[in-house]
Amino acid sequence: MRPASLKSVPNQLRRAVLLGAAITLAAPALADASLDGRTLSYQNDEGKTTWSRSYPPELGVLSGPLTQDGLSWLAVGPALYAYAPDGEQRVRLDFPAEVSALDGGGGTLQATAGFGSVRQTFTVNDMRIQNRVVLPPDAGVTGWLARAASGVPQARLAQAAQQDPANPFLEVRLARLAQLQGDRYGAVSATQRAVSADVPFAASVQLASQFETAGYPAAADLALDRAARDWAARGYDPALVVSQEALRAYGDPLTELNVLLAQNKLRRADAWIRYLRLVSPRFEGYPDTYARYARILDTQDRGGEADEWRQFSRDLSAGTLYNLGPGALLILQGAARVLTLALLLAILAAHLGYTAHYWTVQGADLAALGGRWRGWLRHPLSRARRITLAYAGFGEKLVLASLLLGLLLSLSAWVWTSRVNGRLLDPALSAGTYGGAWFYDGLDRLSLSGSPADIALIRGLASQLDGDTAAARQTYAAAGNAPGACIQNNLGVLSALGSDSAQARDSYRQALAQDPGQVPASYNLGLHPQSPETGFQESFRSGQPRLCYPDQQTLIQALDTPPGASALGLLRDPWTALNSLPSGLPRPFQWLWVGLLLLFTAASLLWLLVPRLPGGPAAGRPPLYRVTALLLPGSALLEGAWGSVLLLGWACTLAVLAGHLRLISAGSLLGSGGPGLAAFLMVALAGIYALNILVFVLDELRTARSLRRAEKG
């Protein structure tokens, strides 16, 4: 069948089609921006290209362009640019990750940014991001502006700075170039333009570092001040820990501080350490940094300032586990390692003592079974009945079983501290703030398994910081009808923001009644407590109520089950618990020692119920047994209390000495012992040996006296 020809169309319809085609062909092209490869071009109404911008591949993915409100929007990596029809750059907006999509449906511009499986949609209105932007500790994002400027050839530097006035790193490069050319006025002008740019805090810190290198300390101070203000405006807070990895992504102020201290530029170093003290005093490794700075101040005859820094460092230990400071878990982990070594030494010494004591009588009994080793093949059950432990008395077997159970508990503590410490340093909890899609993704990966009330505090606080008050209230409600002091304070902040001042003050009073030392509630009630957090609040959030943030103890309680529950878990499933110990051994060797330990422990507990073999009491005191008793204090006296005391004292002294000499890793447990600790331990060891010899001699005399009485009888 032939298709209908144009002649078959009614005349009126044919004329309308031809007229529409003519109008379309005659109409001028509409002005619009288009992307050809990585070049953005703008065509005017006449179809002529009036301006263009090119973006190197190193800057990341391009999304757009999209026309909204007469502006052409293009996303370049984590930045979103808006261009006017004449090519002027109107604004640059910074996102927490690469922008993957732009959407202008419904007259509202929305940008989707994310990393991996994490995606978050932001609304742009009046050339501002309406949502809270949380910068993750990702140098690829926080260092994007500096990287974009460093890739511009020097010949195009002035043109690039004119086209992208929002990138201050281009002006810094121009300032350095003017310095080299002897143009001081040009250098100062470029520096002033750079320091006045509106950039995130991480970029401000990077600028401050470059100003230090260029010799503009006043500009560096101004950049640090702008960084602190942006830090506060984004909801970052000095109450939270910041890891060194996060600090490096946030401009690396710690490295700049260390460089200035190494160069003996104390005046400039003071500006940087005070910036750290203001915005993130609890950064990872702060005790060593503050102690180093205090020692330098001492050498400058500034002892008063040095003492103030030391006291400030000590004050930050409040709220940590047992107030031991930020390394509390490492201290406990070191203690668990030392205790584990001590118990291993005690178990080995006790077993050697039993072997030396009962070697002869055991050999006589096993001769009829084919010997010590063949007996396992010929008569395995009879051989198992005659293991060394079967000849020991009940007191000796009880000591060995107690030592093995203690070893399991110390290993459980080691596993718990290692697991919790690793989770405590997770980037989601050590980035200086909570909230944002990146944070929630990290929190989900942590799979918090601790106290529901403490988990509710963390998640509710994140929602509160993000401005989602409904979600915050709902999350806090999961803590129950009697929330803790921290949640009670934050509920008061929600009431205050809702203009319910009476309810807010009541919540603050309840929080203070539960915890009289709580600083946020005291601050909100106008009691003027002094702390680094309240000083920060007064400087950058004056007039706003103070939120309560979780301290280290709260985080530990939220992250994991308590140590007691972990110990019970080891008793329920010792194989899984012990194989999770970070021993560093290959998996087969890990299985081997765990299997042997569990087998030995089971045998020692089982043999408590097995009667002692007749040859045990008749073993006497062979010469090898006496030598072992002198070399291993307490090993010959385990039937009485003195034996356990001497054995554990000897084993603990050797274990602490091994930790002090770095033969085993004891973390920061013995870090402040000094050279005097080794001398003290040697004296203690000598005293234990002397006491062991005295008790052993007295025991020998008592045994000899008993034998003489038996012979006379």
Side-chain angles (χ1 to χ4, degrees), residues 96 108 110 120-126 128-134 229-240 432-437 439-440 443 451-529 531 533-551 554-555 558:
T108 301
Q110 291 185 321
Q120 186 175 5
T121 300
F122 298 86
T123 300
V124 178
N125 191 18
D126 293 332
R128 295 176 62 88
I129 303 175
Q130 301 302 307
N131 315 72
R132 178 180 179 229
V133 177
V134 179
R229 295 184 182 280
D230 187 70
W231 174 277
R234 292 176 184 270
Y236 290 73
D237 197 87
L240 298 177
T433 190
Y434 295 159
F439 166 80
Y440 291 115
L443 207 63
S451 164
D454 295 316
I455 296 174
L457 170 62
I458 295 172
R459 289 191 173 274
L461 175 63
S463 298
Q464 199 165 352
L465 288 169
D466 284 341
D468 192 346
T469 57
R473 288 188 182 276
Q474 184 178 1
T475 306
Y476 288 147
N481 296 326
C486 211
I487 290 180
Q488 196 69 258
N489 175 83
N490 292 351
L491 288 172
V493 174
L494 287 174
S495 299
L497 296 178
S499 301
D500 191 350
S501 58
Q503 179 60 45
R505 293 185 66 83
D506 183 63
S507 296
Y508 300 148
R509 291 192 186 99
Q510 291 184 46
L512 207 56
Q514 294 183 43
D515 181 9
Q518 193 194 90
V519 173
S522 299
Y523 177 85
N524 294 333
L525 287 171
L527 301 180
H528 305 292
S531 73
E533 296 82 10
T534 57
F536 180 88
Q537 194 82 6
E538 287 290 345
S539 299
F540 302 111
R541 298 172 185 157
S542 180
Q544 300 180 28
R546 174 81 191 152
L547 284 168
C548 181
Y549 294 79
D551 55 20
T554 303
L555 291 175

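Of the charged side-chain nitrogens involved, none lies within less than 4.0 Å of a carboxylate oxygen, so that Asp468 and Arg132 do not count as a salt-bridged pair.
The nearest pair of heavy atoms linking Leu465 to Tyr549 is CD2-OH, 3.8 Å. Among all heavy-atom pairs drawn from Thr433 and Gly235, the shortest one is OG1-O, 2.9 Å. Summarising the geometry of Leu240 relative to Pro550, their closest heavy-atom pair is CD2-O, 4.3 Å, with the distance given to 0.1 Å. The two residues Tyr440 and Ser463 make their nearest non-hydrogen contact at OH-N, 3.3 Å. Taking both residues in full, the closest heavy atoms of Ser531 and Val519 are given as OG-CG1, 3.6 Å, listed atom of the first, atom of the second, then distance. Counting all heavy atoms, side chain and backbone alike, Leu491 lies closest to Pro483 at CD1-CG, 4.3 Å.
Rounded to the nearest 0.5 angstrom, Gln544 CD and Leu547 CG are separated by 9.0 Å. Rounding to the nearest 0.5 Å gives a distance of 9.5 Å between CD of Gln514 and CD1 of Ile487. Atom OG of Ser451 is separated from atom CD1 of Ile458 by 9.5 Å, given to the nearest 0.5 angstrom.
Partners of Tyr523 by ring-ring contact (aromatic ring centres under 6.0 Å, His included), not counting sequence neighbours: none found.
Distance alone, capped at 3.5 Å, places no donor-acceptor pair between the Tyr236 side chain and the Tyr434 backbone. When atom types are taken as modelled, the side chain of Asn490 and the backbone of Cys548 share a donor-acceptor pair closer than 3.5 angstrom. The closest donor-acceptor contact from the side chain of Gln488 to the backbone of Ala511 lies at 3.5 Å or more, if one exists at all. Within the 3.5 Å criterion, the main-chain N or O of Ser542 finds no donor-acceptor partner in the side chain of Gln537. For the pair Asn524 (side chain) and Arg546 (backbone), a donor-acceptor distance under 3.5 Å is present.
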Thr554 and Cys486: CA distance, side-chain angles, deciding distance, side chain to side chain contact (heavy atoms under 4.5 Å, CB included) verdict:
CA-CA 10 Å; Thr554 303; Cys486 211; over 6 Å; no
What verdict does the salt bridge (Lys or Arg N to Asp or Glu O under 4.0 Å) test give for Asp237 and Arg541, after you've listed the backbone C-alpha separation in whole Å, the side-chain angles of each residue and the deciding distance to 0.1 Å?
CA-CA 11 Å; Asp237 197 87; Arg541 298 172 185 157; 2.7 Å; yes
Thr534 and Glu538: CA distance, side-chain angles, deciding distance, side chain to side chain contact (heavy atoms under 4.5 Å, CB included) verdict:
CA-CA 6 Å; Thr534 57; Glu538 287 290 345; 5.5 Å; no
Take Gln110 and Val124 through the test side chain to side chain contact (heavy atoms under 4.5 Å, CB included) and record every step on the way to the result.
CA-CA 6 Å; Gln110 291 185 321; Val124 178; over 6 Å; no
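Here the side chains of Gln518 and Asn489 are in contact, with some heavy-atom distance below 4.5 Å. Looking at Tyr476 and Leu461, their side chains come closer than 4.5 Å, going by heavy atoms from C-beta outward. No side-chain heavy atom of Thr108 sits less than 4.5 Å from a side-chain heavy atom of Asn125. With contacts defined as side-chain heavy-atom distances shorter than 4.5 Å, the pair Gln464/Thr469 does not qualify. At a threshold of 4.5 Å between non-hydrogen side-chain atoms, the residues Phe439 and Val134 do not count as touching. Using a 4.5 Å heavy-atom threshold, the side chains of Tyr508 and Pro520 count as separate.
More than 12 heavy atoms of other residues, nucleotides or ligands shown are found within 6.0 angstrom of CD on Gln130.
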